[in-house]
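Below: one structure, written as structure tokens.
Just so we're on the same page: letters track the sequence lines, and every chain starts at 1.
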Amino acid sequence: TQLLEQSPQFLSIQEGENLTVYCNSSSVFSSLQWYRQEPGEGPVLLVTVVTGGEVKKLKRLTFQFGDARKDSSLHITAAQPGDTGLYLCAGVNDMRFGAGTRLTVKP
Amino acid sequence: KAGVTQTPRYLIKTRGQQVTLSCSPISGHRSVSWYQQTPGQGLQFLFEYFSETQRNKGNFPGRFSGRQFSNSRSEMNVSTLELGDSALYLCASSLYTGWNTEAFFGQGTRLTVV
């Protein structure tokens with residue numbers, strides 16, 4: 001049973017559009033990590049969020065950790081084809097990963 | 001600085017056989033973790049080794065085992081292979097043990113059991 005639920009499972013958008021993906025759990029996490037995995041590669045850490053309510057920005061990516069530290073979101077502004085990949089969240093309590101959101105950005 | 005190296009990249013084995021996968025961490029990293037990734041179950045934690053000792057273990061049967069050598073290189077062994085063991089096996093290295101330290105993943109070994 002996945003303790004971390006990610007939505008949507010698949011997302012296909014045009015270049016330039018904005019999008020938000022979600023990571024939800026019934027458990028409280030001390031911190032949560034977001035990774036991006038490209039085809040044929042291992043996941044690469046994007047960010048670690050630690051404090052409830054925290055917002056972190058990484059260029060066009062904005063990460064938010066819920067106040068109760070049970071959920072998180074990733075917002076991408078003006079998506080580009082290079083953003084294509086599998087976005088995974090992981091609860092740092094026990095390094096349990098969500099199933100991921102597979103994003104495709106079409107040029 | 002070289003990244004995490006996993007060998008082999010691809011492997012085909014027959015049901016009932018055993019297999020050993022290798023992971024060389026980033027120089028200076030002492031923690032190596034192993035994961036199994038499948039389309040149905042996603043990315044699942046197998047175990048973590050730090051300074052040649054298993055520090056954490058996921059919920060996998062005893063057929064899955066590992067070890068770490070004094071140079072921090074790690075091997076993972078799966079005995080009596082089953083069709084369901086077909087997966088991408090990833091290892092990740094980090095400086096320290098514990099979940100809060102940044103992990104760097106290798107490209108993985110894709111194992112196919114026929």
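In this structure, the separation between CG on A:Leu32 and CG on A:Asp71 is 9.0 Å, given to the nearest 0.5 Å. Between the OG1 atom in B:Thr7 and the CZ atom in B:Arg73 there is a gap of 7.5 Å [rounded to 0.5 Å].
Under the 4.5 Å side-chain criterion, counting only non-hydrogen atoms from C-beta, B:Leu90 is in contact with B:Gln37.
Using cut-offs of 30° and 60° on the angle between ring planes, the pair A:Phe97 and A:Tyr35 is tilted.
There is no contact between B:Gln6 and chain A, counting heavy-atom distances below 4.5 Å.
Salt-bridge annotation for A:Asp83 and A:Arg60: present, with a side-chain N of the basic residue lying under 4.0 Å from a carboxylate O of the acidic one.
One N or O on the side chain of B:Gln17 and one on the backbone of B:Thr14 form a donor-acceptor pair closer than 3.5 Å.
Using a 4.5 Å heavy-atom cut-off against chain A, the contacting residues of residues 103-114 of chain B are B:Ala103, B:Phe105, B:Gly106, B:Gln107.
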